[in-house]
2 protein chains.
Amino acid sequence: MPRRSSEDSSKRNGSARMRDVAVRAGVSTMTVSRVLNEPGKVSEEMRERVLKAVREIGYLPNHLAGSLSSNRSTTIGLIVPSIDNSIYTQTVKGLSEVLKRSGFQLMIAESGYDPNEEEELITVFLSHRVGGLVLHSTEHTPQAIEKIRKSGIPVVENGNIPKEPLDMVVSYSNRDASYAMTMHLGRLGYRKIAFASLYSVHNDRSQDRLKGYLAALKQLGHEPDPRMVLETGRGLAAGAEVVARVMQSVPEVDALFCAGEVLAAGALFECQRRNWSVPGRIALASFDDVDLLRHVSPSITTLRLPRYDIGERTARILLSRIIDGADHLRGSVVDLKFEVIQREST
Amino acid sequence: MPRRSSEDSSKRNGSARMRDVAVRAGVSTMTVSRVLNEPGKVSEEMRERVLKAVREIGYLPNHLAGSLSSNRSTTIGLIVPSIDNSIYTQTVKGLSEVLKRSGFQLMIAESGYDPNEEEELITVFLSHRVGGLVLHSTEHTPQAIEKIRKSGIPVVENGNIPKEPLDMVVSYSNRDASYAMTMHLGRLGYRKIAFASLYSVHNDRSQDRLKGYLAALKQLGHEPDPRMVLETGRGLAAGAEVVARVMQSVPEVDALFCAGEVLAAGALFECQRRNWSVPGRIALASFDDVDLLRHVSPSITTLRLPRYDIGERTARILLSRIIDGADHLRGSVVDLKFEVIQREST
DNA sequence: CCTGATTTTGATATCGGTAACAACAGAATT
DNA sequence: AATTCTGTTGTTACCGATATCAAAATCAGG
């Protein structure tokens, strides 16, 4: 038995169907579909007749039905470690703006820095049949990798440049950026450069930043000192704690490179509280250029990373793959440029 | 001619269909569907047989098809003015965490503070057949309101408590919060209290904050002074500009209430640069309690708003409507509490 | 052991669209 | 004038699931 008489063309659910538009315009549903999706293939007259009916009825196409039937999707899944990290928001904005222009939507979820949670979310997104995936993390469970491969949809990794990309990558090199800043400090004449980052377990960005720091020390001919490599949690308080810790354990430290803008700001505020002159007593450098670092005094030397661009390029490359079927882009790695911004704190 | 032989049960697209699982388990698709959605209605034996087949095939349900057929959706649409506003991220997090637990997904888009853009996005979300909508703005075009009404889906407004709610509201009162802080300053003995906010055109939050300020001044018996009511743009620089402007035009000002945490921080940094003692020369108060305000020195007096709670409650109330069909919640207004946090800056 | 109530399972139509091909008309070619 | 081409519109069979109702199997009670 039918669930509803198929002749019933009146509104029931609030929304009208394409069928209703077709009847009103005196054409077939295919013509309506064409007017809405490939207007060029329909005669002027039909187009107007159909659009008039669409307007009069207040017809809203059903994307679910369209995607199901055409096996195409205008939804992109994005997984970030944490939504409230100010750093990602610029990237999300870049993504969102470009996607919106092409009529694509963003589904966002947070993995809480946990690969298993990420896998779960990937599964959900795949079952929503997203047209593409954007992952901030570059660390995935084997099952997650398997599922993505099997699905065949294009993926962009964003947070770092992994040794073994899943598919496409749009990022900057955390290692190179960290190296560049450390070298910058070395060239400015600092002899005892400490390094602070977030805990590096399950965080390849932190790991790479540490590698860059160590490589630069070697290049500079400085001896690495375990007491000057610190790891800590998130938040301004962590930055405060870190600077206090290193000043305590290595009084002769003359510079602190914080691989994270929140840590750097926290460190600066602590220095202000303790009356440690910056950069007189200790120089401070940061990662990522946020408004805050430019406006505190002293303003903080930092790295300008292409956060917004990453989102923008990610969207573009994904759309090329989805819309134009640009298969030659499979496996592309886009390594975006960064910049050292010298300010008062060094 | 068929698009694909309907007998072909092998994998083609990467993903298997429910049909394939059914064949493998030797049951009908309805039984598979039941095992996945209403396990209680299926016998122990069937359940195991089907789940085994699901595992072996690596079957992933197709949500598009499921939603289309059942006319239910597990997607919630969220429209924020701007994704990179640190204030919303807490709310988004609260929303996201609760929704995820119930297997719902979030579709996010930004309206850029423009009601027409918001209307456009609402249309897109409706055509994606979202199960509910969350709007940060409380200002909508008549067409947007009409479309939402017609669709019949539940909606929550989040950014303020509007006079004429669309449906449900979960927020705090910007007017009351602003009133409370102004009264607090008055009780502390400040006589010349200035007020700074973002431009209030198309921003009813700013408008309400101004109303609260003016109401408090009246209550305190202070004469309102147009020179002490400032509007400006976003960013730390705007905060700096605002404090400089008011000190210039009204030298006897003794407190500045910034209705926005970025403005307040910008104002503080400018005071530090100019060596205006805070609160000695001028007191500063802020709106919204972010980590930064607690860690600068002097730490800044501010309002603690229930950002995360708003997201959480919004998700809950929406889920009640969608899952439990709790129609009695239609039109609910949840007015969450805020708090004045007294710190060193006043 | 049979009958009616209850629980499981399946057949079928449908959700609202689109792909693929057929049908037809007027334009272009020979 | 017959034939081929091109451009428009319609017909039909699906996309991959679920609602509904019917059929089959199991259970209870007499």
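The structure displayed is predicted, hence computed values, not measured ones. Worth knowing before you read on, the calculation uses all heavy atoms, side chains too, and leaves out hydrogens, waters and symmetry mates.
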Side chain of [X] (C-beta onward), nearest among [options]:
X: A:R17; options: D:dT18, C:dG16, D:dG16; result: C:dG16
X: A:S70; options: D:dT18, C:dA19, D:dA17; result: C:dA19
X: A:L68; options: D:dC15, C:dT9, D:dT18; result: D:dC15

Should we count CZ of A:R313 as having more than 12 external heavy atoms under 6.0 Å?
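No, because the 6.0 Å sphere around CZ of A:R313 holds 12 heavy atoms or fewer from other groups.
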Which residues share a salt bridge (Lys or Arg N to Asp or Glu O under 4.0 Å) with B:D324, sequence neighbours left out
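So B:D324 forms no salt bridge (Lys or Arg N to Asp or Glu O under 4.0 Å) with any residue.
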Please report how far the helix from C:dC1-D:dG30 to C:dT30-D:dA1 bends, comparing the axis fitted to its first five pairs with the axis fitted to its last five, to the nearest 10 degrees.
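Its terminal axes enclose an angle near 40°.
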Looking for any heavy atom pair under 4.0 Å, which part of the strands does B:R72 touch: base, sugar-phosphate only, or nothing?
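Sugar-phosphate contact only.
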Going by number, which of residues 25-32 of chain A have a non-hydrogen atom under 4.0 Å from DNA chain C?
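When residues 25-32 of chain A is checked for heavy atoms under 4.0 Å from DNA chain C, the hits, listed by number, are A:T29, A:M30.
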Can you see if the side chain of [X] gets near the phosphate of [N] - specifically, an N or O under 4.0 Å from OP1 or OP2?
X: A:N37; N: C:dT18; answer: yes
X: A:S33; N: C:dT18; answer: yes
X: B:S43; N: C:dT9; answer: yes

Between [X] ([atom1]) and [N] ([atom2]), how many Å, whole number?
X: A:R129; N: D:dG16; atom1: CZ; atom2: C1'; result: 9 Å
X: A:E38; N: C:dA20; atom1: CD; atom2: P; result: 11 Å
X: B:E44; N: D:dA25; atom1: CD; atom2: P; result: 21 Å

Any carboxylate oxygen within less than 4.0 angstrom of a Lys/Arg side-chain nitrogen, looking at [X] and [Y]?
X: B:E45; Y: B:R49; result: yes
X: B:E146; Y: B:R149; result: no
X: B:K93; Y: B:E312; result: no

Does the separation of the ring centres of A:H136 and A:Y88 fall below 6.0 angstrom?
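That pair passes the under 6.0 Å test.
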Under a 3.5 Å distance rule, please check whether B:E110 uses its side chain to pair with a backbone N or O of B:V80 as donor and acceptor.
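It does not hold such a pair.
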Is a side-chain donor or acceptor of A:S171 paired with a backbone partner of A:N160 at a separation under 3.5 angstrom?
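The answer is yes, because a donor-acceptor pair under 3.5 Å joins these two groups.
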Looking at B:R34 and C:dG10, is any side-chain donor or acceptor paired with a base atom of the opposite kind under 3.5 Å?
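Such a pair exists between side chain and base.
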